[in-house]
Amino acid sequence: MKALLCLKPQTLDLVDRDLAPVPKGWVPLDVTRVGICGTDYHIFAGTQPFLDYPRVMGHEISAHVSENYEGRDVAPGAHVIVNPYLSCGDCHACKMRKPNCCENIQVLGVHRDGAMCEQIAVPPENLISAGDLTPDQAAMVEFLAIGRHAVMRSRLTAGAPVLVIGGGPIGLACALFARIDGGDVTIADVSAEKRRLMEQSFGFRTCDARDEDQMTARELAMTFVYDATGNLGAMNDALRFVAHGGTYTLVSVVKGDLSFADPEFHKRETTLLSSRNALKGDFEFVIKAISDGLIDTGLLNTHRTDFTKAAQDIACWSVARDTVIKAIIEVA
């Protein structure tokens with residue numbers, strides 16, 4: 001079987017490799033599309049903290065159930081989206097119906113081999129019907145679900161001022177679903193190219209995160225603030241934008257310690273949240289939003305490749321991410 005294998009940091013090769021046998025009860029899938037995520041770029045660069053090499057990457061997955069599947073959980077040939085967060089079902093988080101933050105979580109493409117290959121197998125409970133979505137659209141559901149989960153956790157109220165810091169794919173996903181829920185959204189980013197893309201393609205108001213005058217004007221003014229920067233300095237600094245009674249949601253995760261001035265945190269009676277991965281309900285919400293025309297996936301899919309060119313293209317995209325929203329590998 002061919003698999004796009006990350007042999008070591010900054011090295012990708014298309015190789016022959018025998019993948020593990022299908023565990024009993026798991027569903028074999030024929031992969032059709034794989035989305036490229038920021039996590040994959042971190043894996044390529046060697047900066048992903050939860051991963052051992054070598055690793056087959058890929059967790060944004062569109063697939064069809066293999067025709068030789070004989071189980072009763074799902075029909076052979078069914079078009080499915082994979083929830084890539086494999087949970088244990090027994091820990092405290094799982095018992096609270098929060099498998100997205102399972103204590104023993106195994107994320108495809110990170111903790112175990114993912115979908116940059118022709119076939120994979122997953123537990124039946126991790127499959128979600130793609131409905132009327134195209135293979136390309138189905139491969140974009142997972143990253144959008146992360147943004148949806150963050151907005152859902154924050155309990156955004158219609159009409160409220162919203163600041164999303166970081167205009168990458170996850171920040172854009174947060175902004176899209178904050179707008180769907182009625183928020184008055186501004187996206188802050190240091191990149192002029194990203195800001196131009198957010199304005200011209202998606203109609204968002206933006207501000208330059210390096211322009212202190214623009215940022216100072218938003219101090220104590222935003223009821224909902226979402227960080228999607230992956231930058232510890234930006235995460236520590238963003239409390240200043242949260243209005244009294246407001247909510248600050250950390251979507252990105254980095255190594256290091258968060259540090260806030262306690263008087264500033266307390267005088268606002270700030271609600272501080274973290275948001276990790278997504279739940280099945282978030283996936284279903286995104287699928288419906290795409291089907292209803294609320295999300296234009298044609299604007300999101302800015303780049304594409306196939307297995308013959310993926311190793312070279314991922315290397316290029318990893319250093320030109322200001323113009324890449326969602327890149328997709330076409331498998332079949």
Side-chain angles (χ1 to χ4, degrees), residues 4 6 8-12 33-51 55 57-61 84 107 109-110 114-116 136 139-147 150 164-176 186-202 204 206-211 226-235 238 250-256 277 295-306 309-330:
L4 186 61
C6 190
K8 59 184 179 179
Q10 298 184 341
T11 301
L12 288 171
R33 302 286 190 278
V34 182
I36 309 299
C37 175
T39 298
D40 297 316
Y41 296 121
H42 291 309
I43 292 170
F44 177 75
T47 58
Q48 218 291 334
F50 303 123
L51 180 136
R55 176 65 71 224
M57 301 189 300
H59 62 272
E60 299 181 354
I61 308 162
V107 180
V110 179
M116 288 190 189
D136 282 356
M140 289 184 263
V141 168
E142 191 270 346
F143 94 91
L144 289 167
I146 291 174
V164 176
I165 307 174
I170 299 301
L172 176 57
C174 292
L176 288 169
T186 300
I187 299 175
D189 200 277
V190 299
S191 167
E193 287 183 298
K194 280 186 182 178
R195 295 196 304 274
R196 190 179 308 110
L197 193 59
M198 297 301 103
E199 293 169 0
Q200 295 179 357
S201 295
F202 299 95
F204 283 111
T206 70
C207 60
D208 185 348
R210 288 180 176 165
D211 187 320
Y226 302 87
D227 174 85
T229 63
N231 181 286
L232 187 61
M235 294 163 73
L250 298 166
V251 192
S252 56
V253 58
V254 295
K255 289 182 177 180
N277 299 327
I295 302 291
D296 188 341
T297 54
L299 294 174
L300 296 173
N301 178 204
T302 54
H303 296 70
R304 65 191 307 110
T305 188
D306 58 29
K309 297 175 288 189
Q312 177 182 346
D313 287 340
I314 290 173
C316 293
W317 296 334
S318 69
V319 294
R321 293 172 59 187
D322 284 0
T323 58
V324 179
I325 297 179
K326 182 53 54 182
I328 290 176
I329 298 177
E330 197 170 320

Non-neighbouring partners of V254 that pass side chain to side chain contact (heavy atoms under 4.5 Å, CB included), sequence neighbours left out: L232, M235
Check: T206 side chain, E199 main-chain N or O, donor-acceptor pair, under 3.5 Å: no
Any residue meeting side chain to side chain contact (heavy atoms under 4.5 Å, CB included) with A173, in chain and number order, not counting sequence neighbours: F143, L144
Set of salt bridge (charged side-chain N to carboxylate O under 4.0 Å, His left out) partners for D322, sequence neighbours left out: none
Residues which pass side chain to side chain contact (heavy atoms under 4.5 Å, CB included) with T39, listed by chain and number, not counting sequence neighbours: C37, I43, Q48, H59, V110
V34 vs M57 side-chain heavy atoms within contact, under 4.5 Å: no
Distance (rounded to the nearest 0.5 Å) between K194 NZ and R321 CZ: 6.5 Å
Nearest heavy-atom neighbours spanning N301 and K326: ND2-O, 3.2 Å
Note, T305 side chain near W317 side chain (heavy atom, < 4.5 Å): yes
Separation between CD1 of I314 and CG of D40, rounded to the nearest 0.5 Å: 7.0 Å
Donor + acceptor pair across side chains of T229, D227 (<3.5 Å): yes
Nearest-0.5 Å distance, CD1 of residue I328 to CG of residue D306: 13.0 Å
Interatomic distance, I146 atom CD1 to I170 atom CD1 [nearest 0.5 angstrom]: 4.0 Å
Note, I187 side chain near R195 side chain (heavy atom, < 4.5 Å): no
D313: salt bridge (charged side-chain N to carboxylate O under 4.0 Å, His left out) partners, not counting sequence neighbours: none
Set of side chain to side chain donor-acceptor pair (under 3.5 Å) partners for T186, sequence neighbours left out: R205
With sequence neighbours excluded, residues passing side chain to side chain donor-acceptor pair (under 3.5 Å) with Q312: none
Non-neighbouring partners of D296 that pass side chain to side chain contact (heavy atoms under 4.5 Å, CB included), sequence neighbours left out: L299
E193: salt bridge (charged side-chain N to carboxylate O under 4.0 Å, His left out) partners, not counting sequence neighbours: none
For R304, salt bridge (charged side-chain N to carboxylate O under 4.0 Å, His left out) partners two or more places apart: D136, E330
Gap between atom CG of L197 and atom CD1 of I325 - 0.5 Å precision: 4.0 Å
Pairwise distance CD1(I36) to CE(M116) - rounded to 0.5 angstrom: 3.5 Å
